[in-house]
Student: 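Quick one: this structure, given as C-alpha coordinates, is what I'll be asking you about.
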Protein chains: 2
Amino acid sequence: MAQKETVERILDAAEVLFAERGFAETSLRTITSTAGVNLAAVNYHFGSKKALIQAVFERFLDPLVEDINYRLEKFSQDPESITVEALLRVLSASVYEVHGRNTNRATAFMRLLGLAYTQSQAHLRNYISEHYGEIFQRYGRLLKPALPGATAEDLFWHTHFALGTAIFTMSNFDALRAMAENDTGQRTPVNDIVDRLTTFMASGLSNASHD
Amino acid sequence: MAQKETVERILDAAEVLFAERGFAETSLRTITSTAGVNLAAVNYHFGSKKALIQAVFERFLDPLVEDINYRLEKFSQDPESITVEALLRVLSASVYEVHGRNTNRATAFMRLLGLAYTQSQAHLRNYISEHYGEIFQRYGRLLKPALPGATAEDLFWHTHFALGTAIFTMSNFDALRAMAENDTGQRTPVNDIVDRLTTFMASGLSNASHD
DNA sequence: ACCCATTGCAAACGTAAGTTTCAAACATCC
DNA sequence: GGATGTTTGAAACTTACGTTTGCAATGGGT
(Lines give C-alpha, C1' and ligand atoms only; values in the text may rest on other atoms or scores of the structure.)
Protein backbone atom coordinates (compact mmCIF):
# COMPACT_ATOMS: atom_id res chain seq x y z
CA MET A 1 0.00 0.00 0.00
CA ALA A 2 1.32 3.37 -0.97
CA GLN A 3 0.22 5.13 2.18
CA LYS A 4 2.43 3.22 4.53
CA GLU A 5 5.34 3.70 2.27
CA THR A 6 4.93 7.45 2.09
CA VAL A 7 4.53 7.81 5.83
CA GLU A 8 7.58 5.66 6.51
CA ARG A 9 9.69 7.47 3.97
CA ILE A 10 8.79 10.80 5.48
CA LEU A 11 9.64 9.56 8.98
CA ASP A 12 12.94 8.09 7.80
CA ALA A 13 13.99 11.27 6.05
CA ALA A 14 12.80 13.49 8.89
CA GLU A 15 14.64 11.49 11.52
CA VAL A 16 17.94 11.80 9.71
CA LEU A 17 17.53 15.43 8.68
CA PHE A 18 16.29 16.61 12.06
CA ALA A 19 19.23 14.92 13.71
CA GLU A 20 21.66 16.56 11.32
CA ARG A 21 20.32 20.10 11.36
CA GLY A 22 17.70 20.53 14.06
CA PHE A 23 13.98 21.02 13.77
CA ALA A 24 13.54 24.61 12.78
CA GLU A 25 16.49 24.41 10.43
CA THR A 26 14.96 21.55 8.47
CA SER A 27 12.20 22.68 6.13
CA LEU A 28 9.34 20.50 4.99
CA ARG A 29 10.54 21.08 1.47
CA THR A 30 13.87 19.47 2.28
CA ILE A 31 12.22 16.57 4.04
CA THR A 32 9.73 15.82 1.30
CA SER A 33 12.20 16.15 -1.51
CA THR A 34 14.65 13.87 0.31
CA ALA A 35 11.88 11.38 0.91
CA GLY A 36 10.78 11.66 -2.70
CA VAL A 37 7.22 12.60 -1.85
CA ASN A 38 5.08 15.61 -2.45
CA LEU A 39 5.37 18.69 -0.27
CA ALA A 40 1.75 18.45 0.84
CA ALA A 41 2.18 14.88 2.06
CA VAL A 42 3.44 15.91 5.49
CA ASN A 43 0.43 18.04 6.23
CA TYR A 44 -1.86 15.42 4.77
CA HIS A 45 -0.53 12.46 6.74
CA PHE A 46 0.57 14.13 9.95
CA GLY A 47 -1.40 17.37 10.04
CA SER A 48 1.49 19.70 10.75
CA LYS A 49 5.23 19.91 11.13
CA LYS A 50 4.91 19.76 14.92
CA ALA A 51 2.93 16.54 14.66
CA LEU A 52 5.61 15.11 12.38
CA ILE A 53 8.28 15.90 14.94
CA GLN A 54 6.28 14.13 17.62
CA ALA A 55 5.70 11.17 15.33
CA VAL A 56 9.43 10.79 14.79
CA PHE A 57 9.93 10.62 18.54
CA GLU A 58 7.03 8.29 19.09
CA ARG A 59 8.31 5.82 16.53
CA PHE A 60 11.62 5.63 18.32
CA LEU A 61 10.63 6.07 21.94
CA ASP A 62 7.70 3.70 22.28
CA PRO A 63 9.71 0.53 21.70
CA LEU A 64 12.55 1.95 23.75
CA VAL A 65 10.39 2.68 26.77
CA GLU A 66 8.86 -0.76 26.59
CA ASP A 67 12.32 -2.30 26.60
CA ILE A 68 13.58 -0.15 29.46
CA ASN A 69 10.51 -1.00 31.49
CA TYR A 70 11.17 -4.67 30.91
CA ARG A 71 14.76 -4.34 32.07
CA LEU A 72 13.84 -2.31 35.13
CA GLU A 73 11.24 -4.90 35.99
CA LYS A 74 13.90 -7.57 36.21
CA PHE A 75 16.00 -5.23 38.33
CA SER A 76 13.23 -4.57 40.80
CA GLN A 77 13.01 -8.24 41.62
CA ASP A 78 16.52 -8.16 43.05
CA PRO A 79 16.80 -4.81 44.82
CA GLU A 80 20.23 -5.52 46.23
CA SER A 81 21.77 -5.58 42.78
CA ILE A 82 20.81 -1.99 42.04
CA THR A 83 23.80 0.27 41.73
CA VAL A 84 24.08 3.64 40.08
CA GLU A 85 26.27 2.34 37.34
CA ALA A 86 24.04 -0.68 36.69
CA LEU A 87 21.03 1.63 36.37
CA LEU A 88 22.87 3.81 33.91
CA ARG A 89 23.85 0.77 31.89
CA VAL A 90 20.21 -0.21 31.56
CA LEU A 91 19.70 2.91 29.49
CA SER A 92 22.72 2.62 27.27
CA ALA A 93 22.11 -1.07 26.67
CA SER A 94 18.50 -0.46 25.80
CA VAL A 95 19.23 2.32 23.35
CA TYR A 96 21.79 0.15 21.68
CA GLU A 97 19.77 -3.07 21.55
CA VAL A 98 16.24 -2.01 20.89
CA HIS A 99 16.66 -0.84 17.34
CA GLY A 100 18.72 -3.67 16.02
CA ARG A 101 22.12 -2.56 17.31
CA ASN A 102 22.13 0.00 14.57
CA THR A 103 24.78 2.39 15.84
CA ASN A 104 23.98 5.03 13.27
CA ARG A 105 20.34 5.11 14.15
CA ALA A 106 21.14 5.12 17.85
CA THR A 107 23.54 8.04 17.61
CA ALA A 108 21.15 9.93 15.36
CA PHE A 109 18.42 9.50 17.88
CA MET A 110 20.70 10.51 20.71
CA ARG A 111 21.17 13.76 18.92
CA LEU A 112 17.42 14.09 18.54
CA LEU A 113 16.94 13.55 22.25
CA GLY A 114 19.50 16.21 22.92
CA LEU A 115 17.84 18.61 20.53
CA ALA A 116 14.49 17.94 22.17
CA TYR A 117 15.86 19.40 25.36
CA THR A 118 17.87 22.02 23.71
CA GLN A 119 15.88 23.54 20.92
CA SER A 120 12.89 25.64 21.79
CA GLN A 121 10.11 23.22 20.97
CA ALA A 122 7.76 23.59 23.90
CA HIS A 123 5.21 21.30 22.27
CA LEU A 124 7.79 18.54 22.09
CA ARG A 125 8.85 18.83 25.70
CA ASN A 126 5.21 18.77 26.70
CA TYR A 127 4.58 15.73 24.56
CA ILE A 128 7.55 13.89 26.00
CA SER A 129 6.88 14.67 29.63
CA GLU A 130 3.25 13.78 29.10
CA HIS A 131 3.88 10.46 27.39
CA TYR A 132 7.07 9.40 29.09
CA GLY A 133 6.94 11.11 32.47
CA GLU A 134 5.97 7.91 34.18
CA ILE A 135 9.11 6.02 33.31
CA PHE A 136 11.19 8.99 34.42
CA GLN A 137 9.63 8.79 37.84
CA ARG A 138 10.03 5.07 38.01
CA TYR A 139 13.70 5.40 37.21
CA GLY A 140 14.09 8.05 39.88
CA ARG A 141 12.50 5.79 42.49
CA LEU A 142 15.03 3.10 41.69
CA LEU A 143 17.91 5.53 41.75
CA LYS A 144 17.14 6.96 45.15
CA PRO A 145 18.12 3.94 47.32
CA ALA A 146 21.28 3.56 45.25
CA LEU A 147 22.42 6.93 46.57
CA PRO A 148 22.14 6.67 50.34
CA GLY A 149 22.46 9.92 52.24
CA ALA A 150 21.31 12.08 49.36
CA THR A 151 18.56 14.57 50.11
CA ALA A 152 15.77 15.35 47.66
CA GLU A 153 17.70 18.43 46.61
CA ASP A 154 20.88 16.44 46.13
CA LEU A 155 19.03 13.93 44.03
CA PHE A 156 17.36 16.52 41.86
CA TRP A 157 20.44 18.51 41.06
CA HIS A 158 22.83 15.68 40.52
CA THR A 159 20.51 13.68 38.31
CA HIS A 160 20.03 16.77 36.20
CA PHE A 161 23.76 17.33 36.04
CA ALA A 162 24.14 13.77 34.82
CA LEU A 163 21.28 14.24 32.41
CA GLY A 164 23.00 17.33 31.09
CA THR A 165 26.23 15.46 30.54
CA ALA A 166 24.44 12.79 28.56
CA ILE A 167 22.29 15.21 26.59
CA PHE A 168 25.24 17.38 25.65
CA THR A 169 27.30 14.43 24.56
CA MET A 170 24.39 13.06 22.59
CA SER A 171 23.59 16.35 20.92
CA ASN A 172 27.13 16.83 19.79
CA PHE A 173 28.06 13.23 19.34
CA ASP A 174 29.47 13.41 15.85
CA ALA A 175 31.06 16.79 16.34
CA LEU A 176 32.80 15.65 19.51
CA ARG A 177 34.01 12.49 17.92
CA ALA A 178 35.44 14.45 15.03
CA MET A 179 37.17 16.86 17.40
CA ALA A 180 38.58 13.98 19.40
CA GLU A 181 39.94 12.39 16.27
CA ASN A 182 41.49 15.69 15.28
CA ASP A 183 42.93 16.13 18.74
CA THR A 184 44.27 12.73 19.60
CA GLY A 185 44.51 10.98 16.25
CA GLN A 186 42.31 8.19 17.63
CA ARG A 187 38.84 7.41 16.37
CA THR A 188 37.16 6.49 19.66
CA PRO A 189 34.71 3.58 19.30
CA VAL A 190 31.13 4.25 20.31
CA ASN A 191 31.22 1.72 23.12
CA ASP A 192 34.27 3.40 24.53
CA ILE A 193 32.57 6.75 24.64
CA VAL A 194 29.52 5.25 26.28
CA ASP A 195 31.73 3.59 28.88
CA ARG A 196 33.53 6.79 29.69
CA LEU A 197 30.28 8.69 29.85
CA THR A 198 28.79 6.12 32.20
CA THR A 199 31.82 6.26 34.47
CA PHE A 200 31.74 10.04 34.53
CA MET A 201 28.05 10.22 35.38
CA ALA A 202 28.26 7.48 37.98
CA SER A 203 31.11 9.08 39.85
CA GLY A 204 29.45 12.50 39.72
CA LEU A 205 26.19 11.04 40.94
CA SER A 206 27.77 9.02 43.68
CA ASN A 207 29.22 12.16 45.20
CA ALA A 208 25.72 13.54 45.32
CA SER A 209 25.43 14.11 49.04
CA HIS A 210 26.06 17.80 49.56
CA ASP A 211 29.08 18.68 51.73
CA MET B 1 26.35 61.08 21.57
CA ALA B 2 23.30 59.39 20.15
CA GLN B 3 25.25 56.70 18.31
CA LYS B 4 26.80 55.16 21.40
CA GLU B 5 23.48 55.15 23.10
CA THR B 6 21.74 53.36 20.26
CA VAL B 7 24.45 50.72 20.03
CA GLU B 8 24.41 50.09 23.76
CA ARG B 9 20.63 49.92 23.91
CA ILE B 10 20.56 47.39 21.11
CA LEU B 11 23.20 45.27 22.82
CA ASP B 12 21.37 45.41 26.15
CA ALA B 13 18.06 44.41 24.64
CA ALA B 14 19.61 41.72 22.48
CA GLU B 15 21.51 40.17 25.36
CA VAL B 16 18.37 39.77 27.44
CA LEU B 17 16.11 38.67 24.61
CA PHE B 18 18.59 36.19 23.13
CA ALA B 19 19.07 34.65 26.56
CA GLU B 20 15.33 34.34 27.05
CA ARG B 21 14.35 32.95 23.67
CA GLY B 22 17.38 31.99 21.66
CA PHE B 23 18.86 33.60 18.58
CA ALA B 24 16.65 32.49 15.75
CA GLU B 25 13.57 32.93 17.87
CA THR B 26 14.34 36.58 18.53
CA SER B 27 13.54 38.83 15.60
CA LEU B 28 15.26 42.12 14.88
CA ARG B 29 11.87 43.75 15.12
CA THR B 30 11.50 42.57 18.72
CA ILE B 31 15.00 43.68 19.59
CA THR B 32 14.72 47.12 18.07
CA SER B 33 11.28 47.84 19.47
CA THR B 34 12.40 46.71 22.93
CA ALA B 35 15.47 48.92 22.64
CA GLY B 36 13.35 51.79 21.38
CA VAL B 37 15.34 52.25 18.20
CA ASN B 38 14.55 51.98 14.55
CA LEU B 39 14.49 48.61 12.82
CA ALA B 40 17.24 49.59 10.42
CA ALA B 41 19.58 50.52 13.26
CA VAL B 42 20.86 46.97 13.71
CA ASN B 43 21.89 46.62 10.11
CA TYR B 44 23.31 50.11 10.11
CA HIS B 45 25.44 49.74 13.23
CA PHE B 46 26.33 46.07 13.13
CA GLY B 47 25.84 45.09 9.51
CA SER B 48 23.74 42.01 10.09
CA LYS B 49 22.00 39.97 12.71
CA LYS B 50 24.93 37.56 12.86
CA ALA B 51 27.31 40.41 13.57
CA LEU B 52 25.00 41.60 16.34
CA ILE B 53 25.08 38.18 17.95
CA GLN B 54 28.85 38.19 17.86
CA ALA B 55 28.94 41.71 19.30
CA VAL B 56 26.82 40.61 22.25
CA PHE B 57 29.32 37.86 22.99
CA GLU B 58 32.31 40.08 22.48
CA ARG B 59 31.05 42.66 24.94
CA PHE B 60 30.69 40.02 27.61
CA LEU B 61 33.56 37.69 26.84
CA ASP B 62 36.43 40.09 26.33
CA PRO B 63 36.53 41.35 29.93
CA LEU B 64 35.86 37.84 31.18
CA VAL B 65 38.76 36.32 29.31
CA GLU B 66 41.06 39.06 30.52
CA ASP B 67 40.03 38.33 34.11
CA ILE B 68 40.42 34.58 33.74
CA ASN B 69 43.84 35.03 32.22
CA TYR B 70 44.87 37.18 35.15
CA ARG B 71 43.70 34.55 37.63
CA LEU B 72 45.38 31.72 35.77
CA GLU B 73 48.56 33.76 35.70
CA LYS B 74 48.65 33.86 39.48
CA PHE B 75 47.99 30.13 39.54
CA SER B 76 50.83 29.31 37.22
CA GLN B 77 53.30 30.85 39.63
CA ASP B 78 52.47 28.22 42.23
CA PRO B 79 52.01 24.99 40.25
CA GLU B 80 51.63 22.83 43.35
CA SER B 81 48.39 24.56 44.29
CA ILE B 82 46.64 23.57 41.10
CA THR B 83 43.80 21.15 41.71
CA VAL B 84 40.88 20.30 39.49
CA GLU B 85 38.42 21.92 41.81
CA ALA B 86 40.51 25.06 42.20
CA LEU B 87 40.72 25.39 38.43
CA LEU B 88 36.98 25.05 38.12
CA ARG B 89 36.48 27.68 40.77
CA VAL B 90 38.56 30.12 38.77
CA LEU B 91 35.86 30.07 36.14
CA SER B 92 32.85 30.40 38.39
CA ALA B 93 34.50 33.15 40.42
CA SER B 94 35.44 35.05 37.30
CA VAL B 95 31.98 34.87 35.77
CA TYR B 96 30.52 36.09 39.03
CA GLU B 97 32.98 38.88 39.70
CA VAL B 98 33.82 40.33 36.38
CA HIS B 99 30.52 42.01 35.63
CA GLY B 100 29.87 43.55 39.00
CA ARG B 101 28.55 40.48 40.80
CA ASN B 102 25.33 40.97 38.91
CA THR B 103 23.77 37.55 39.29
CA ASN B 104 21.06 38.23 36.74
CA ARG B 105 23.50 39.24 34.08
CA ALA B 106 25.75 36.30 34.91
CA THR B 107 22.95 33.74 34.65
CA ALA B 108 21.65 35.37 31.48
CA PHE B 109 25.04 35.09 29.93
CA MET B 110 25.44 31.53 31.10
CA ARG B 111 22.35 30.75 29.13
CA LEU B 112 23.81 32.55 26.14
CA LEU B 113 26.97 30.48 26.37
CA GLY B 114 24.85 27.37 26.48
CA LEU B 115 22.86 28.47 23.49
CA ALA B 116 26.05 29.19 21.61
CA TYR B 117 26.92 25.53 21.82
CA THR B 118 23.45 24.32 21.44
CA GLN B 119 21.75 26.33 18.75
CA SER B 120 22.92 25.94 15.24
CA GLN B 121 24.93 29.09 14.78
CA ALA B 122 28.02 27.90 13.01
CA HIS B 123 29.28 31.46 12.56
CA LEU B 124 29.14 31.95 16.32
CA ARG B 125 31.04 28.78 17.14
CA ASN B 126 33.63 29.75 14.59
CA TYR B 127 33.89 33.21 16.05
CA ILE B 128 34.29 31.91 19.58
CA SER B 129 36.83 29.24 18.78
CA GLU B 130 38.76 31.74 16.69
CA HIS B 131 38.82 34.50 19.28
CA TYR B 132 38.90 32.47 22.47
CA GLY B 133 40.56 29.22 21.46
CA GLU B 134 43.84 30.28 23.01
CA ILE B 135 42.52 30.51 26.55
CA PHE B 136 40.84 27.15 26.13
CA GLN B 137 44.18 25.60 25.34
CA ARG B 138 45.87 27.38 28.17
CA TYR B 139 43.27 26.08 30.57
CA GLY B 140 43.72 22.58 29.23
CA ARG B 141 47.47 22.75 29.77
CA LEU B 142 46.90 23.64 33.41
CA LEU B 143 44.33 20.93 33.85
CA LYS B 144 46.49 18.15 32.52
CA PRO B 145 48.98 17.85 35.41
CA ALA B 146 46.06 18.03 37.86
CA LEU B 147 44.83 14.74 36.43
CA PRO B 148 47.80 12.39 36.63
CA GLY B 149 47.46 9.16 34.69
CA ALA B 150 44.98 10.55 32.21
CA THR B 151 45.74 10.00 28.56
CA ALA B 152 45.03 12.59 25.88
CA GLU B 153 41.83 10.73 25.07
CA ASP B 154 40.79 10.64 28.71
CA LEU B 155 41.41 14.32 29.01
CA PHE B 156 39.48 15.21 25.90
CA TRP B 157 36.39 13.22 26.68
CA HIS B 158 36.12 13.99 30.35
CA THR B 159 36.65 17.70 29.94
CA HIS B 160 33.92 17.72 27.35
CA PHE B 161 31.65 15.76 29.63
CA ALA B 162 32.26 18.36 32.30
CA LEU B 163 31.74 21.11 29.77
CA GLY B 164 28.45 19.52 28.82
CA THR B 165 27.30 19.40 32.40
CA ALA B 166 28.06 23.07 32.84
CA ILE B 167 26.57 24.12 29.52
CA PHE B 168 23.37 22.20 30.07
CA THR B 169 22.94 23.61 33.55
CA MET B 170 23.66 27.08 32.27
CA SER B 171 21.30 26.82 29.34
CA ASN B 172 18.45 25.70 31.50
CA PHE B 173 19.37 27.55 34.64
CA ASP B 174 16.06 29.21 35.33
CA ALA B 175 13.99 26.27 34.18
CA LEU B 176 15.95 23.87 36.38
CA ARG B 177 15.69 26.14 39.39
CA ALA B 178 11.95 26.38 38.91
CA MET B 179 11.66 22.60 38.61
CA ALA B 180 13.73 22.12 41.72
CA GLU B 181 11.54 24.53 43.64
CA ASN B 182 8.48 22.68 42.45
CA ASP B 183 10.03 19.37 43.36
CA THR B 184 11.59 20.00 46.72
CA GLY B 185 9.90 23.17 47.93
CA GLN B 186 13.32 24.77 48.32
CA ARG B 187 14.58 27.69 46.28
CA THR B 188 18.22 26.73 45.85
CA PRO B 189 20.57 29.73 46.07
CA VAL B 190 22.79 30.35 43.06
CA ASN B 191 25.96 29.75 45.02
CA ASP B 192 24.65 26.43 46.17
CA ILE B 193 23.98 25.30 42.63
CA VAL B 194 27.43 26.43 41.55
CA ASP B 195 28.96 24.50 44.44
CA ARG B 196 27.10 21.31 43.59
CA LEU B 197 27.98 21.70 39.93
CA THR B 198 31.63 22.19 40.76
CA THR B 199 31.66 19.12 42.98
CA PHE B 200 29.95 17.05 40.32
CA MET B 201 32.35 18.08 37.59
CA ALA B 202 35.42 17.70 39.77
CA SER B 203 34.55 14.17 40.83
CA GLY B 204 33.69 13.17 37.29
CA LEU B 205 36.90 14.66 36.00
CA SER B 206 39.05 13.12 38.69
CA ASN B 207 37.92 9.66 37.64
CA ALA B 208 39.14 10.47 34.19
CA SER B 209 41.75 7.78 33.76
CA HIS B 210 40.10 5.11 31.70
CA ASP B 211 40.05 1.80 33.58
C1' DA C 1 -17.78 -1.71 -14.79
C1' DC C 2 -18.73 1.84 -11.69
C1' DC C 3 -18.49 4.47 -7.46
C1' DC C 4 -16.18 6.70 -3.89
C1' DA C 5 -13.00 7.38 -0.33
C1' DT C 6 -8.04 7.75 -0.18
C1' DT C 7 -3.78 9.48 -1.76
C1' DG C 8 -0.69 12.21 -4.78
C1' DC C 9 0.48 16.38 -7.04
C1' DA C 10 1.39 21.35 -8.70
C1' DA C 11 0.39 25.68 -7.64
C1' DA C 12 -0.89 29.40 -4.85
C1' DC C 13 -1.54 31.79 -0.35
C1' DG C 14 -0.36 34.23 3.81
C1' DT C 15 3.04 35.42 6.93
C1' DA C 16 7.19 36.63 9.17
C1' DA C 17 11.69 37.53 8.77
C1' DG C 18 16.34 39.99 7.41
C1' DT C 19 17.69 43.44 4.61
C1' DT C 20 17.74 47.66 1.66
C1' DT C 21 16.33 52.18 0.26
C1' DC C 22 16.11 57.02 0.42
C1' DA C 23 14.75 61.18 2.37
C1' DA C 24 14.77 63.76 6.67
C1' DA C 25 17.13 65.09 10.95
C1' DC C 26 21.28 65.80 13.17
C1' DA C 27 26.03 66.79 14.31
C1' DT C 28 30.61 68.35 12.94
C1' DC C 29 34.08 71.01 10.89
C1' DC C 30 35.84 74.92 8.19
C1' DG D 1 26.47 79.45 9.08
C1' DG D 2 26.53 76.64 5.36
C1' DA D 3 28.53 72.29 3.45
C1' DT D 4 29.41 67.64 4.51
C1' DG D 5 29.25 63.35 6.57
C1' DT D 6 26.61 60.57 10.01
C1' DT D 7 22.51 58.72 12.06
C1' DT D 8 17.56 58.00 12.20
C1' DG D 9 13.00 56.84 10.34
C1' DA D 10 9.13 54.84 7.60
C1' DA D 11 8.39 52.06 4.06
C1' DA D 12 9.22 48.74 0.65
C1' DC D 13 11.76 44.66 -1.04
C1' DT D 14 13.08 39.81 -1.15
C1' DT D 15 12.99 35.40 0.36
C1' DA D 16 11.77 31.25 2.70
C1' DC D 17 8.64 28.93 5.11
C1' DG D 18 4.24 26.15 6.68
C1' DT D 19 -0.02 25.55 5.08
C1' DT D 20 -4.09 25.28 1.99
C1' DT D 21 -6.47 24.39 -2.23
C1' DG D 22 -8.38 22.15 -6.23
C1' DC D 23 -7.92 18.58 -9.10
C1' DA D 24 -6.08 14.24 -10.99
C1' DA D 25 -4.86 9.48 -10.15
C1' DT D 26 -5.67 5.25 -7.75
C1' DG D 27 -7.67 1.15 -6.15
C1' DG D 28 -10.70 -1.70 -3.48
C1' DG D 29 -15.80 -2.95 -2.71
C1' DT D 30 -20.38 -3.77 -4.74
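Just so you know, these numbers use all the heavy atoms, side chains as well, and skip hydrogens, waters and symmetry mates. Convention: sequence-line order gives letters A, B, ...; per-chain numbering from 1.
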Student: Could you tell me the separation between the CZ atom of B/Arg9 and the P atom of D/dT7, rounded to a whole number of Å?
Tutor: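 For the pair B/Arg9 CZ and D/dT7 P, the rounded distance is 16 Å.
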Student: Counting heavy atoms from C-beta on, name the nucleotide in C/dA10, C/dT19, C/dT7 closest to the side chain of A/Tyr44.
Tutor: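 Selected nucleotide: C/dT7.
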Student: Kindly say if B/Asn43 contacts the phosphate of C/dT19, meaning a side-chain N or O under 4.0 Å from OP1 or OP2.
Tutor: yes
Student: Check this one for me: any side-chain N or O of B/Thr6 less than 4.0 Å away from OP1 or OP2 of D/dT8?
Tutor: yes
Student: Quick test of your reading: applying side chain to side chain donor-acceptor pair (under 3.5 Å), list the pairs with at least one residue in residues 85-94 of chain B, sequence neighbours left out, ordered by first then second residue.
Tutor: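 Output for this query lists B/Asp67-B/Ser94, B/Glu85-B/Arg89, B/Arg89-B/Asp195.
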Student: Would you jot down, in residue-number order, the residues of residues 24-34 of chain A having a non-hydrogen atom under 4.0 Å from DNA chain D?
Tutor: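 A/Thr26, A/Ser27, A/Leu28, A/Arg29, in order of number.
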Student: Under the salt bridge (Lys or Arg N to Asp or Glu O under 4.0 Å) test, which residues partner B/Glu58, sequence neighbours left out?
Tutor: none
Student: CZ of A/Phe46 versus C1' of D/dT20: gap in Å, rounded?
Tutor: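 About 18 Å, once rounded to whole Å.
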Student: Is the distance from the ring center of A/Tyr127 to that of A/His123 below 6.0 Å?
Tutor: no
Student: Below the 4.0 Å mark, does D/dT6 have OP1 or OP2 next to a side-chain nitrogen or oxygen of B/His45?
Tutor: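 No.
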Student: Mind checking what makes salt bridge (Lys or Arg N to Asp or Glu O under 4.0 Å) contact with A/Glu134, not counting sequence neighbours?
Tutor: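 Applying salt bridge (Lys or Arg N to Asp or Glu O under 4.0 Å) to A/Glu134 gives none.
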Student: Between P on C/dT7 and CD1 on A/Ile10, what's the gap in Å once rounded to a whole number?
Tutor: 12 Å
Student: Taking CG from B/Asn38 and P from D/dG9, how many angstroms apart are they, rounded to a whole number?
Tutor: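 Atom-to-atom, B/Asn38 to D/dG9, this comes out as 6 Å.
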Student: Rounding to an integer number of Å, can you tell me how far B/Lys49 NZ sits from C/dG18 P?
Tutor: 4 Å
Student: For B/Glu181, enumerate each residue passing the side chain to side chain donor-acceptor pair (under 3.5 Å) test, keeping only those at least two apart in sequence or located in another chain.
Tutor: B/Arg187
Student: Rounded to the Å, how far apart are B/Leu39 CG and D/dA10 P?
Tutor: 11 Å
Student: A/Asn126: what forms a side chain to side chain donor-acceptor pair (under 3.5 Å) with it, not counting sequence neighbours?
Tutor: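 So A/Asn126 forms no side chain to side chain donor-acceptor pair (under 3.5 Å) with any residue.
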